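Everything on this sheet refers to the single structure shown next.
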Amino acid sequence: MITVTQPFLPPLEEFNEYLNKIWESKWLTNNGQFHQQLEKELAEFLGVHYICLFSNGALALVTALQCLRITGEVISTPFSFVATTHSLWWNNIKPVFVDIDPIYGNLNPDCIEAAITPQTTAIMPVHVYGNPCNNEKIQKIADTYGLKVIYDAAHAFHIRKDGNSILNWGDLSILSFHATKVFNTFEGGAIICHDSTTKKRLDDLKNFGIHDEVTVVAPGINAKMNEVQAAFGLLQLKYIEQLIYKRKQIAELYRQLLKDIEGISFMRDIEGVDHNYSYFPVFIDEQYGKSRDELYEELKMKNIFTRRYFYPLISEFSTYKGLPSSSPGNLPIATKMAAQVLCLPIYPDLEFDTVEMICQLIKNK
Ligand SMILES: *Cc1c(COP(=O)(O)O)cnc(C)c1O
């Protein structure tokens with residue numbers, strides 16, 4: 001069985017060394033030594049100033065919105081994983097969906113202004129598949145209208161543009177370290193921020209709002225990363241560059257083998273961007289002669305489990321379907337992309353032979 005992704009697990013003996021230390025110290029969570037070390041090493045590796053670790057990405061998103069006291073309406077994209085919009089709903093914020101760009105599937109900055117109302121307080125874009133959003137345009141609009149920008153950067157681990165981490169964009173960026181992501185801590189997440197005051201506030205909020213032994217500054221949540229997660233992260237970090245390189249080779253092989261198949265298109269690397277190859281989406285149009293869903297089912301019968309990220313659109317789910325901005329007429333590009341996309345298997349241990357076999361199946365229909 002070939003799945004769309006598979007986590008990389010380092011040799012168990014190496015992880016045991018970390019576990020032995022946890023057993024010795026008997027310190028399991030609450031800013032332990034591995035937690036502190038992972039924050040330090042990640043900040044250096046990613047090229048960011050401040051990072052706060054979280055138990056998962058969804059709680060990091062919810063807490064980021066709490067931290068900046070976001071209320072009212074937030075402009076976001078329907079072409080993402082549901083957690084993006086759920087984090088707004090959990091904060092009693094009304095999501096306002098705008099359409100995406102047809103090349104990379106990111107929130108289209110040209111659609112933002114028309115969606116701004118007196119209730120709008122922030123924009124929440126997503127770097128879909130790790131392709132950087134048009135930050136320049138988004139930030140300019142945010143500055144003009146006095147809005148915050150919170151990036152759902154769950155797919156953007158280690159993405160750089162012109163040598164700089166895109167995680168430094170906006171007011172806050174949120175990462176996910178879920179088992180299915182490029183870098184994982186089983187479950188986990190993080191917020192990147194730009195100053196020590198915000199870092200402290202986030203650290204308080206993820207620990208019940210506890211500021212010190214006698215001061216609680218806010219109705220915070222429990223969203224702390226524990227020592228076992230942090231230890232696993234430290235171990236992953238040792239391998240991460242070779243893992244991303246392995247993914248790159250797989251992406252290149254896919255591109256080479258799929259390039260002449262009519263009706264199949266895919267995304268290319270963007271000049272000046274260091275990608276992480278977290279996903280390999282292809283798009284199936286009428287020329288192919290078969291629908292996306294037919295191909296999906298056929299591959300499934302051959303035990304190849306691709307995924308239709310992101311279909312259905314978030315705006316199609318029952319919670320959000322009734323919102324005015326959810327109408328397909330408002331989201332024509334997103335609706336089209338969701339109908340055509342298929343994410344093919346990509347992960348470090350995927351054999352080149354398997355990639356060739358998958359491409360053969362797509363070619364032979
Ligand atoms: C994975 C993901 C999340 C949620 O992260 P978890 O760590 O699974 O809670 C949020 N947004 C996007 C775009 C994601 O892909």
Side-chain angles (χ1 to χ4, degrees), residues 3-7 38 42 51-66 74-91 93 95 97 100 104-107 122-133 149-159 166-167 169-170 172-192 202 206 221-226 228-230 232-233 236 247 267 275-281 307-317 319-320 334 337-338 341 343 346-347:
T3 46
V4 74
T5 190
Q6 188 184 87
L38 184 58
L42 270 180
I51 185 164
C52 301
L53 299 176
F54 276 76
S55 52
N56 61 61
L59 280 172
L61 281 166
V62 167
T63 309
L65 293 159
Q66 287 272 322
V74 170
I75 294 169
S76 191
T77 169
F79 195 70
S80 179
F81 180 60
V82 282
T84 310
T85 315
H86 282 356
S87 71
L88 301 172
W89 210 251
W90 272 70
N91 279 292
I93 295 162
F97 296 115
I100 59 176
Y104 294 109
N106 285 329
L107 185 153
I123 307 167
M124 185 181 271
V126 183
H127 304 296
V128 180
Y129 312 129
N131 291 317
C133 289
V149 180
I150 299 172
Y151 277 106
D152 181 341
H155 302 174
F157 187 85
H158 200 42
I159 304 272
I166 68 168
L167 299 172
W169 293 352
L172 298 172
S173 287
I174 286 77
L175 287 168
S176 165
F177 304 152
H178 183 256
T180 54
K181 306 298 206 273
V182 164
F183 173 87
N184 93 82
T185 58
F186 284 47
E187 294 265 5
I191 303 182
I192 281 81
L202 288 165
K206 76 175 183 192
I221 193 79
N222 180 1
K224 302 186 296 291
M225 178 181 280
N226 68 47
V228 178
Q229 288 172 289
F232 193 76
Q236 283 267 311
R247 286 173 174 275
M267 290 172 172
H275 293 267
N276 65 16
Y277 308 94
S278 44
Y279 301 89
F280 195 84
R307 294 298 298 269
R308 291 165 287 188
Y309 297 139
F310 292 101
Y311 164 85
L313 294 174
I314 302 175
S315 49
E316 295 287 320
F317 294 123
T319 315
Y320 307 111
M337 225 182 223
V341 70
C343 285
I346 189 165
Y347 50 86

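Predicted model, so just to flag it, every value in this text is computed and none were measured. One-based numbering, in listed order, for ligands and for the atoms of each.
Ranking the protein heavy atoms by distance from atom 5 (O) of ligand 1 puts Ser176 OG, 3.2 Å first. At the top of the distance list for atom 12 (C) of ligand 1, counting protein heavy atoms only, stands Ala154 CB, 3.4 Å. If you check which protein heavy atom lies closest to atom 3 (C) of ligand 1, you get Phe81 CD2, 3.7 Å. Among all protein heavy atoms, the one lying closest to atom 1 (C) of ligand 1 is Lys181 NZ, 1.7 Å. Looking at atom 11 (N) of ligand 1, its nearest protein heavy atom turns out to be Asp152 OD2, 2.7 Å. The protein heavy-atom contact nearest to atom 4 (C) of ligand 1 is Ala83 CB, 3.8 Å.
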### Task
Determine, step by step, whether Ser80 and Ile314 satisfy the side chain to side chain contact (heavy atoms under 4.5 Å, CB included) criterion, reporting the C-alpha distance in whole Å, the side-chain angles of both residues, the deciding distance to 0.1 Å, and the verdict.
CA-CA 7 Å; Ser80 179; Ile314 302 175; 3.9 Å; yes

### Query
Do Ser176 and His178 pass the side-chain hydrogen bond (donor to acceptor under 3.5 Å, both in side chains) test, and can you show the C-alpha distance, the side-chain angles, and the key distance before you say yes or no?
CA-CA 6 Å; Ser176 165; His178 183 256; 5.6 Å; no

### Task
Applying side-chain hydrogen bond (donor to acceptor under 3.5 Å, both in side chains), run through Asn222 and Lys224 and close with a yes or a no.
CA-CA 6 Å; Asn222 180 1; Lys224 302 186 296 291; 3.1 Å; yes

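Side chain of His275 to main chain of Tyr277: no donor-acceptor pair is present (N/O by atom type, distance under 3.5 Å, no hydrogens or angles). Between the side chain of Thr185 and the backbone N or O of Ala230, no donor-acceptor pair lies under 3.5 Å.
Screening Leu53, Asn56, Val182 for a side-chain contact (heavy atoms from CB on, under 4.5 Å) involving Phe177 leaves a single residue, Leu53. Phe54 pairs in a side-chain contact (heavy atoms from CB on, under 4.5 Å) with only one of the listed residues (Ile191, Leu175, Ile174, Leu61), which is Ile191.
A side-chain donor-acceptor contact under 3.5 Å links Tyr320 and His86.
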Please list every donor-acceptor pair under 3.5 Å in which a side-chain atom of residues 149-158 meets a protein atom from a residue at least two apart or in another chain.
unit_1	atom_1	unit_2	atom_2	d
Tyr151	OH	Asn135	OD1	2.8
Asp152	OD1	Ala154	N	3.1
Asp152	OD2	Thr84	OG1	2.8
His155	ND1	Tyr129	N	2.9

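Not a single heavy atom of Ala60 sits less than 4.0 Å from an atom of ligand 1. Ligand 1 has no atom lying under 4.0 Å from any heavy atom of Gly189.
Residue-to-ligand polar distances keep His178 apart from ligand 1: every N/O pair is separated by 3.5 Å or more.
If you number the atoms of ligand 1 from 1 as listed, the ones under 4.0 Å from a heavy atom of Gly188 come out as 7 (O). Applying the 4.0 Å criterion to heavy atoms of Ser80 picks out, from ligand 1, the atoms 13 (C).
Under 4.0 Å from ligand 1, heavy atoms of Ala58 appear from its side chain as well as its backbone. Contacts between His155 and ligand 1 below 4.0 angstrom, taking non-hydrogen atoms only, involve the side chain exclusively.
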